[in-house]
Amino acid sequence: MNELSILVTLATVHFIALMSPGPDFALVVQNATRYGRQTGVYIALGLSFGILLHSLLSLTGVSYLVHQQPTLFALVQIAGGSYLFYLGFGALKGTWQTLSSKSETSAEESGSSLLLSNKRQAFSRGFATNILNPKALVFFVSLMSTLVPASMSLTGKGVALFILWSLSLAWFSFLAWALSTERLQAKLKSLAVYIDGLCGIIFTLVGASILWQSLHALLNTI
């Protein structure tokens, strides 16, 4: 398989994975729906740089070494699972408070001032959500080891990294843009609290699942 075929295959597999619902997808949906386009785009930028770092670590073999060390990988899983669970718990707590107090407007305003006025925080939230997701580490290790041969030229590997980063940024930015158009925002405004709740459930379940698996793996190594 020549390098062009490898790059096309890599782009196709990665784009399909991007469209699959998961923590990254849920994070963009949750924040672009409630806080608007600017927050969504900066979260997309953070996610894309997290994917770039995962890709680089996988390409250089660092992620593979982490994956091959059961105790170290279990600790990475615990850190990532805890962070996702924290995001989910926070979203569910906010949803419960909004529904119980019926003060959705004030909740939106406070959340908006927290994220929309702070681009760095939105970027950091996107970056951390991706880079701390151990499932992403496993995915990129598998992707790079399967599709990118060690004999591939340095230019080819550089192009591969650019493809993974640019596709991620383009997809998540498009998602943020599509969810923050004026017409759709008007329709989703009344549903924002329920979208928060659904995304909170996704984060909580994924985080709890990762924590359970990592703790079980860690106990087996002791």
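Please read these numbers as outputs of a predicted model, since none were measured by experiment.
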For Gly40 against Ala176, the heavy-atom pair lying closest together: C-CB, 3.5 Å

Min side-chain heavy-atom separation Phe172-Ile51 under 4.5 Å: yes

Please find the pair of heavy atoms, one from Ile78 and one from Leu211, that lie closest to each other, and give the distance. O-CD2, 3.5 Å

Are Leu164 and Val62 connected into the same hydrophobic cluster when the rule is that any two of I, L, V, M, F, W, Y join if their side-chain heavy atoms are below 4.5 Å apart? yes

According to a 4.5 Å side-chain heavy-atom criterion applied to Ile, Leu, Val, Met, Phe, Trp and Tyr, with indirect links allowed, do Leu52 and Phe174 form part of one hydrophobic cluster? yes

Rounded to the nearest 0.5 Å, what separation is found between the OH atom of Tyr42 and the OG atom of Ser124? 12.0 Å

So, taking the atom named NZ in Lys157 and the one named OG1 in Thr60, what distance separates them when rounded to the nearest 0.5 Å? 9.5 Å

Quick one: are Pro23 and Lys135 in side-chain contact, heavy atoms under 4.5 Å? no

Would a single hydrophobic cluster contain both Val28 and Ile201, if residues Ile, Leu, Val, Met, Phe, Trp and Tyr are joined by side-chain heavy-atom contacts under 4.5 Å? no

So Leu143 and Ser55, do their side chains get closer than 4.5 Å, heavy atoms only? no

Considering all heavy atoms, the nearest Leu10-Ala160 contact: CD2-CB, 3.6 Å

Side-chain contact, heavy-atom cut-off 4.5 Å: Val8 with Ser5? no

Main-chain N/O of Ile163 paired to His14 side chain as donor or acceptor, under 3.5 Å: no

Looking at side-chain heavy atoms only, is the closest gap between Thr204 and Leu92 below 4.5 Å? yes

Does any N or O in the side chain of Ser145 come within less than 3.5 Å of the main-chain N or O of Ser142, such that one atom is a donor and the other an acceptor? yes

Return the minimal non-hydrogen interatomic distance between Pro149 and Ile6, and the atom names on each side. CD-CD1, 3.7 Å

Flag side-chain contact, heavy atom, 4.5 Å: Trp165 against Phe162: yes

Heavy-atom pair with the smallest gap, counting every atom of Phe139 and Ala17: CZ-CB, 3.6 Å

The reported gap from NE2 in His54 to OG in Ser63 (rounded to nearest 0.5 angstrom) is 7.0 Å

CZ of Phe203 to CG of Asn133, rounded to nearest 0.5 Å, is 10.0 Å

Which atom pair, heavy atoms only, marks the closest approach of Pro134 to Gly80? CD-CA, 4.1 Å

For a 4.5 angstrom cut-off between non-hydrogen side-chain atoms, does Phe85 reach Val206? no

Looking at OG1 of Thr39 and NZ of Lys119, how far apart are the two atoms once the value is rounded to the nearest 0.5 Å? 10.0 Å

Gap between atom CG of Leu57 and atom CE of Met144 - 0.5 Å precision: 10.0 Å

Could you give me the CA-CA distance, side-chain angles and deciding distance for Val29 and Leu179, then say whether side-chain contact (heavy atoms from CB on, under 4.5 Å) is met? CA-CA 7 Å; Val29 171; Leu179 290 169; 3.9 Å; yes

According to a 4.5 Å side-chain heavy-atom criterion applied to Ile, Leu, Val, Met, Phe, Trp and Tyr, with indirect links allowed, do Leu169 and Met19 form part of one hydrophobic cluster? yes

Do Leu18 and Ser168 make a side-chain contact, defined as non-hydrogen atoms from C-beta onward lying under 4.5 Å apart? yes

Relative to the ring of Phe127, is the ring of Phe123 parallel (under 30°), tilted (30 to 60°) or perpendicular (over 60°)? parallel

May I ask whether Ile131 and Tyr86 are part of the same hydrophobic cluster, defined by side-chain heavy atoms of I, L, V, M, F, W, Y residues being less than 4.5 angstrom apart, directly or through others? yes

